[in-house]
Amino acid sequence: MEVVIFKNADKVTRRGAGLVAEMLGVKPNAVFGFATGSTPIELYRQLVDRHRKGELSFRDTTSFNLDEYMGIAADNPQSYRSYMNREFFDHVDIDKNNTYLPACENSENPQLVGPEYEASIRRAGGIDLQILGIGHNGHIGFNEPSSSLSSRTRVKTLTRRTLEDNSRMFSNGEFQPKLAITMGIGTIMEARRILLLATGKSKADAVAAMVEGPLTAMCPASILQMHERVTVLIDEDAAAGLKYREYYDLAHRENRALKERFGEFYASG
Ligand code: PGA
């Protein structure tokens with residue numbers, strides 16, 4: 001696991017956008033795994049900005065989002081489809097026909113949505129770069145603590161903690177879904193490269209559990225310790241609970257020269 005610590009959240013998202021740009025440089029038809037939540041919003045803004053300047057094109061890319069709520073329509077402003085359109089897709093040249101979310105709005109049987117989603121990912125050739133956030137409880141996607149570490153895309157019930165965390169997005173009296181469809185942990189682990197972003201003090205415990213804690217379903221993100229190519233981009237606040245901080249900084253400095261020479265997607269993390 002490569003852990004890179006930046007002075008502030010802005011530098012975290014800048015580096016994240018830089019990695020997406022590098023991926024597009026080596027593979028213009030890359031398949032991306034996208035995330036929602038507050039952390040990646042600034043990442044999408046920077047990508048939109050770079051697209052507007054003519055630096056980046058998403059024309060040939062395909063994307064699969066991690067998750068989608070159940071019980072609200074795609075055109076509901078609270079859906080993750082609406083979020084992705086609003087924050088990203090509407091502002092870049094990606095073909096929306098090539099943007100996928102695991103929505104079950106039009107499905108007779110939500111249990112079939114997961115296997116169909118997985119089949120679409122396989123048909124696209126698998127995910128080249130998966131972007132992740134991390135929940136306060138260590139979840140990735142909506143894989144809540146106790147999720148099977150081999151799980152596939154399926155319906156999940158959200159924990160009280162996640163419902164509380166996400167309630168800030170819903171106004172008083174507005175329907176807040178308690179169910180969602182999420183890529184499984186096994187699905188996420190098949191991405192060829194994973195980029196996890198976390199910022200702020202409130203994420204420090206989850207980040208420490210993910211990076212240095214035991215591998216356990218009680219911190220689903222800890223499975224990333226088993227992935228070959230994970231980069232964790234965090235700010236000082238989110239790094240506050242790490243015991244090996246000094247080593248991560250040293251490794252980052254040593255790796256930098258290699259990456260400058262061979263590119264991010266050559267050097268090993
Ligand atoms: P956040 O969510 O970016 O809104 O903190 C992260 C997550 O729950 O994965």
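Every number for a ligand or one of its atoms is a count from 1 in the order of the listing.
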Student: Considering only the protein, which heavy-atom contact is closest to atom 5 (O) of ligand 1, and what is its distance?
Tutor: K203 NZ, 2.6 Å
Student: How long is the straight-line distance from OH of Y100 back to CZ of F34, given to the nearest 0.5 Å?
Tutor: 14.0 Å
Student: Counting non-hydrogen protein atoms only, what is the nearest one to atom 6 (C) of ligand 1? Give residue, atom name and distance.
Tutor: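 Going by distance alone, atom 6 (C) of ligand 1 is nearest to I134 O, 3.5 Å.
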Student: Can we say D49 and R45 salt-bridge, meaning some charged N sits less than 4.0 Å from an Asp/Glu carboxylate O?
Tutor: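 Salt bridge: no.
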Student: Only heavy atoms of R168, strictly under 4.0 Å: list the atoms of ligand 1 that pass.
Tutor: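 Near R168, the atoms of ligand 1 are 4 (O).
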Student: Assess, by modelled atom type and distance only, whether the side chains of D10 and N8 contain a donor and an acceptor separated by less than 3.5 Å.
Tutor: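 Per modelled atom types, D10 and N8 side chains form no pair under 3.5 Å.
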Student: Around atom 3 (O) of ligand 1, find the nearest protein heavy atom and jot down its residue, atom name and distance.
Tutor: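 The closest one turns out to be T39 OG1, 2.5 Å.
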Student: Identify, for atom 7 (C) of ligand 1, the protein heavy atom at the shortest distance, and state residue, atom and that distance.
Tutor: H139 NE2, 3.4 Å
Student: Salt bridge or not for K203 and D237, using N-O below 4.0 Å?
Tutor: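 Not counted as a salt bridge, because no side-chain N and carboxylate O are separated by less than 4.0 Å.
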Student: To the nearest 0.5 Å, what is the distance between OG on S82 and CG on L101?
Tutor: 9.5 Å
Student: Mind checking whether R161 contacts ligand 1 via backbone (N, CA, C, O), side chain (CB onward), both or neither, at a 4.0 Å heavy-atom cut-off?
Tutor: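 None of R161 does.
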